[in-house]
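Written out below as C-alpha cells is the structure these notes cover.
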Amino acid sequence: MLPSRYTASRTARFAINVALSALALASSGAFAQQADDDTDSNQAIVVTGSRIVRDGFESPSPVTVVGQGQVLARAQTNIGEALNELPSFRALITPATQQAQGGNIGARILDLRALGSARTLVLLDGKRFVPSTLQGTIDVNLMPTMLIERTEVVTGGASAAYGSDAVAGVVNFIVDKKFTGIKATAQMGISQRGDGKEYNLGAAYGTGFADGRGHFVASIEYNETKGMGDCYTRSWCPLEQLLSNSPAGTEGLPANMRVGPNSLGNQAIGGLINVPTGPLHGITFNADGTPRPFVYGRIFGTNPSPLLMLGGEGSTAQGFIVGILLAPPVKRLTSYAHLDYDFSDALKASLDVSFGQVKGFVKGSAGRIVDAVIQRDNAYLPGGVATIMDANAISSFTLGRFFTDIGGSDNNSDNKPYRAVFSLEGSLGGSWGWDAYYQYGRNEFSQRYTGNMVVARLRNALDAVNSGGRVQCRINTDASTANDDPACVPLNIFGPGNVSSAAWSYVAPSGFQTANTTEHVLAANLHGDLIPLPGGPLSVAGGGEYRSDKLVGTADALSTANQFWSFNGKAVNGKIEVTEGYIEAVAPVLK
C-alpha cells in the first residue's frame, strides 16, 4: 500500500472588535466562570434541566456553560461553531460537511452525544425556537450571537423535564436582556490558498427607559463566507481517497486503502466502453470522437473495469470529487430585539421578535452513467468502433461516462425564519411565582437547482438514430407511440465537449422545492415552596404546554418522482400537535 500524507491548511484571520461602551463590553464579554463568581449566592435563578427556582447554581443534572467571552476569545462568528468544539457535540451538519447536499445549505445543526439532532432540544431563553429543517431541527446560525450571555448545555436527564425531543439533552441560549450601551464587531479571514474568505459585521444596542422599569436590547449581524475550492486545490486531498480491493486479501492487501490520487476504471470524460474482455475493451474517445486506448492505472482486485484505480487517466480530475466544493459559500443575516416592562413588582411583560435569513450554494457532483447501452446503429457511433463491431458480429455494448466537461448542477437555498414571543411573569406572594408565553414562528425554505441530470432522459437522448434524413431519438421513431417524447434532443456521448446545449437542456432541466413551517406554542408554569423540610423547603414546579407545528411544501414533478441525479425535493404536508404537562419537586430531606 502506498503511504499517504496530510498537510494542514492554515487560515489567517483578522478581527477588530469595537466597543463604544467600555462598561457594557466588560460586562458582556466576561467568561462564564467570572459570571459565576459575580452571582449572588442568594439570587433566585432557574438552571437549564429543571423548572425549580433555586438559590445558586444547583441542578440535578450536570450543566456545561459556555460564556460569551469564550466565543470572543476564539474569534468565532457563530455560537454554534463554538459549541461544536465541545466533545459532547458531534459536528455532523455544518457548512463544512454539506458539500453536494441539498436542503438548508450552510446550516449548523447541533447533535448532542451523537444521538441524532432531532433528539437535541434547542431553546432560546428557555423557550422553543421555530424549526428550520424538514426534520424539525434548529439552525443555530439564527441565534443572536452578539447578545448571547451564556449557553447552558444539559446532556443527561433532560427528557424528564422537557419531553422526548430532549433525549440527547438540551442546549439553552441565554440572552443578555439587561445589556446597556453599544458594541460592534468587524472581522475578516482568508485561507493561505486565497479562498475561504469570510466577512462578519455586527452591532448591538441596549438601553433602559421609564426610570428603569423597562429595557430594550437589539442586535443585527451579517456574515458571509465565500467558500473553498474543490479537492484539487489542496495538495493533500487527492492523496486521501478511498480505494477498494476486491476480493479482500488480493496481493495481501486489505479490502479498503486510503491512497491516491485515484481515477475511475469504468467511466471516462470521453466515454469508456465497459466490457470485461474482447476487442472493444478499454476503448475511450477523443474530443473529435475518434477512438483510442484508455490509460488504466494500477488495478487492485480481479475486476478488469473497477470503480476506482490508483493513478491512471483522469486521476487529476476524478469524476466523483472534481468541482465539489470543500466548503460552500453562505450568507447569513440575523436580527433580534427584546423589550420588557415591569408594570408592578408582581407583573412583568416582555416581547421578543427576530428575523433571519441564510442563503447557500453548493455544486452538485457531475452526472454520470456506467451502463449506457449503445446500439450498432447509433447515429454518433465512431467509424472505427463500427468496423470492430461488424467484424466481430457485436450488436451493442455498454459505455460509462461522467460529464465533468459540463459540470455539476447548481443548487441555491434560501431559508427565512420569523419569530415573535409574548411573555408574562409575575409573583403570587412569598416564594410563589408564575410565567406564561405565546410564540408564533414561521420558517420559509426554498431551494432551486439547475443543470441537474435526469438519468431516464439521458438514456432517451443518447439512443440516437438516423431517421428521415436527420438524427432523432429512437423513442420517437420506433413503432410504439407510448414512449414518445417530443422534447427529446439527441445527445452525442462520444468524446468530451460534444454534448450540445440543447441536448443537455433536455437531459438536465431545473427543479425546485419549497417548505414552509408554521409553529404555535402556548405554555405556562407555576413554582414555589410548599412546606419546610430538614434540608430546606419542599420546592415544586408544574405546568403545561401546547405546541402545533405545520409543514407545507411543494416540489416539481421530476423531483417528487426521484428522477434527478441529486437534490430530489419532495412535496410534503403534515402537522404535529403536542399537549403535555409536568410536575417536579425537590425534597431536601437532610441538611
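Position 1 is the first residue of the sequence; numbering continues from there.
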Side-chain touch [X]/[Y], heavy atoms, less than 4.5 angstrom:
X	Y	value
Val454	Pro509	yes
Leu307	Ser244	no
Pro238	Gln318	no

For a quick check under 3.5 Å, do [X] and [Y] share a side-chain donor-acceptor pair by atom type?
X	Y	result
Asp478	Asn483	yes
Thr481	Asp484	no
Asp485	Tyr506	yes
Arg108	Asn141	yes
Arg376	Ser395	no
Tyr449	Gln447	no
Asn223	Glu198	yes
Gln375	Asp463	no

Under 4.0 Å between a Lys/Arg side-chain N and an Asp/Glu carboxylate O for [X] and [Y]?
X	Y	value
Asp410	Lys363	yes
Arg292	Glu313	yes
Asp549	Arg128	no
Arg459	Asp371	yes
Asp414	Arg448	no

When you measure from the side chain of [X] to the backbone N and O of [Y], does any donor-acceptor pair fall under 3.5 Å?
X	Y	answer
Asp556	Ser559	yes
Thr120	Leu112	yes
Asn378	Leu462	yes
Gln241	Gly260	no
Ser335	Phe355	yes
Thr518	Lys550	no
Asn562	Asn568	no
Gln513	Lys570	yes
Asp230	Gly323	yes
Arg401	Ile269	yes

Minimum heavy-atom separation for [X] and [Y], please, with both atom names.
X	Y	answer
Asn245	Gly301	OD1-N, 3.0 Å
Pro328	Val362	CB-CG1, 3.7 Å
Ser413	Phe445	CB-CE1, 4.0 Å
Pro490	Ala464	CB-CB, 3.9 Å
Pro382	Pro291	CB-CD, 4.2 Å
Leu115	Val167	CD1-O, 4.5 Å

Between [atom1] on residue [X] and [atom2] on residue [Y], distance to nearest 0.5 Å:
X	Y	atom1	atom2	value
Gln187	Leu201	CD	CG	10.0 Å
Asn256	Leu243	CG	CG	8.5 Å
Asn443	Ile138	CG	CD1	8.5 Å
Lys575	Leu551	NZ	CG	12.5 Å
Leu308	Leu310	CG	CG	10.5 Å
Asn412	Phe361	CG	CZ	6.0 Å

Intermediate values then yes/no, side-chain contact (heavy atoms from CB on, under 4.5 Å), Val385 and Leu280: CA-CA 8 Å; Val385 175; Leu280 293 179; 4.0 Å; yes
I need the single residue from Asn573, Thr560, Thr514, Asn516 that forms a side chain to side chain donor-acceptor pair (under 3.5 Å) with Thr554. Which is it? Thr514
Passes side-chain contact (heavy atoms from CB on, under 4.5 Å), Tyr418 versus Glu444? Steps please. CA-CA 8 Å; Tyr418 308 80; Glu444 298 177 353; 3.9 Å; yes
Please lay out, stage by stage, how Glu240 and Cys231 fare under the test side-chain contact (heavy atoms from CB on, under 4.5 Å). CA-CA 10 Å; Glu240 295 288 335; Cys231 182; over 6 Å; no
Can you confirm if the aromatic rings of Phe494 and Phe285 lie within a centre distance of less than 6.0 Å? yes
Classify the ring geometry between Phe403 and Trp504 as parallel (under 30°), tilted (30 to 60°) or perpendicular (over 60°). tilted
Arg119 CZ: over 12 foreign heavy atoms closer than 6.0 Å: no
Kindly indicate, with the supporting measurements, whether the criterion side-chain contact (heavy atoms from CB on, under 4.5 Å) is fulfilled by Arg193 and Thr233. CA-CA 8 Å; Arg193 301 288 184 179; Thr233 63; 5.8 Å; no
